[in-house]
Amino acid sequence: EAEVAQSPRYKITEKSQAVAFWCDPISGHATLYWYRQILGQGPELLVQFQDESVVDDSQLPKDRFSAERLKGVDSTLKIQPAELGDSAMYLCASSAGQGAATGELFFGEGSRLTVL
Amino acid sequence: GENVEQHPSTLSVQEGDSAVIKCTYSDSASNYFPWYKQELGKRPQLIIDIRSNVGEKKDQRIAVTLNKTAKHFSLHITETQPEDSAVYFCAASSQGGKLIFGQGTELSVKP
């Protein structure tokens, strides 16, 4: 069964360092999402891509976060510089439709970030 | 923008009892309402969803109801089993829009 792949699974870094997360969606899925999940809370959408275009990045802290999906397939989420409050699970998800209401979101296993 | 409120935050039931989790949403344009189950250390997985053109949907022991007028929807789990223990998230989305999640309900089913 096809799955969303994410790496690394775990990342420990010191504040002010740069970190990057990678996501490979299910083949053929046009929509890709990056969510941040703080322990004990629901996932919070950071950015949504439709193919290579950003559909929504209204909750992305653009002073330190960036995301790209250059060829409309895999995606990278970068944080520079990392802050203590960035410690969280970063979840990538993909769907076949255009927007969440047109297709089930499939989540990856996530990348857990700890900032010291 | 859309806001989704979920309660209770924790729920403990005895095996065999029913569990109900409730959510409210703010955007009247929302038309898709999925529920995700997240076991400890694992990814969220879709368990059931409902669209705004229906009021209720059932899948074995799980059912979801939607009240568009009141802008709330609920997850019902009957005959709960220990393996139902997990965190459950409701979510809401409008067509082409983003999926907004509630804060989650930690369900504990005691044998």
Side-chain angles (χ1 to χ4, degrees), chain A residues 1-7 9-10 23-26 29-51 53-60 67 88-112, chain B residues 1-10 21 23-25 27-54 57 59 64 66 73 75 86-107:
Chain A
E1 182 178 329
E3 293 186 342
V4 175
Q6 287 189 249
S7 66
R9 289 290 312 280
Y10 304 93
C23 172
D24 190 13
I26 293 172
H29 280 195
T31 310
L32 185 147
Y33 314 78
W34 283 102
Y35 281 87
R36 175 171 60 187
Q37 186 175 25
I38 295 171
L39 194 63
Q41 298 183 18
E44 173 195 12
L45 181 68
L46 294 175
V47 61
Q48 177 179 337
F49 289 93
Q50 183 68 36
D51 299 311
S53 300
V54 173
V55 173
D56 190 303
D57 63 357
S58 57
Q59 299 303 310
L60 188 71
M89 176 73 83
Y90 290 84
L91 291 164
C92 179
S94 69
S95 68
Q98 294 189 3
T102 59
E104 176 184 349
L105 266 67
F106 293 86
F107 284 87
E109 292 190 313
S111 294
R112 181 167 294 284
Chain B
E2 176 68 278
N3 184 50
V4 178
E5 298 289 334
Q6 181 174 349
H7 60 94
S9 57
T10 61
I21 302 170
C23 289
T24 59
Y25 61 98
D27 187 353
S28 57
S30 291
N31 58 3
Y32 175 64
F33 308 92
W35 286 86
Y36 282 79
K37 175 183 180 181
Q38 187 174 29
E39 298 177 6
L40 189 63
K42 297 190 176 180
R43 71 189 81 191
Q45 292 193 302
L46 180 72
I47 56 170
I48 194 168
D49 57 11
I50 191 168
R51 297 186 183 276
S52 57
N53 57 345
V54 298
K57 184 176 179 180
D59 182 3
V64 57
L66 171 65
F73 56 113
L75 177 71
V87 179
Y88 291 80
F89 294 98
C90 63
S93 175
S94 56
Q95 189 71 22
K98 55 190 179 184
L99 192 63
I100 304 299
F101 285 83
Q103 292 301 296
T105 296
E106 183 176 2
L107 174 64

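Because only heavy atoms are used, hydrogens play no part in the values below, and waters and symmetry mates are left out as well, while side chains stay in. To find a chain, count down the sequence lines: A is the first, B the second, and so on, and within it residues start at 1.
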- prompt: For the residue pair A:F107 and B:P44, what are the closest heavy atoms and their distance?
  reply: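 Smallest interatomic distance, heavy atoms only, reads CD1-O, 3.6 Å.
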query: Can you name the closest pair of heavy atoms from A:Q37 and B:F89 and give their distance?
result: NE2-CZ, 3.3 Å
For [X], is it the side chain, the backbone, both or neither that has a heavy atom under 4.5 Å from a heavy atom of chain A?
{"X": "B:Y36", "answer": "side chain"}
{"X": "B:Q38", "answer": "side chain"}
{"X": "B:P34", "answer": "neither"}

Distance, nearest 0.5 Å, that separates [atom1] of [X] from [atom2] of [Y]:
{"X": "A:L45", "Y": "B:K98", "atom1": "CG", "atom2": "NZ", "answer": "6.0 Å"}
{"X": "B:Q103", "Y": "A:I38", "atom1": "CD", "atom2": "CD1", "answer": "9.5 Å"}
{"X": "B:F101", "Y": "A:L91", "atom1": "CZ", "atom2": "CG", "answer": "8.5 Å"}

task: Return the option, out of A:A93, A:S58, A:G108, with the maximum number of heavy-atom pairs under 4.5 Å with chain B.
output: A:G108
query: For A:E44, is it the side chain, the backbone, both or neither that has a heavy atom under 4.5 Å from a heavy atom of chain B?
result: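 Interface part for A:E44: neither.
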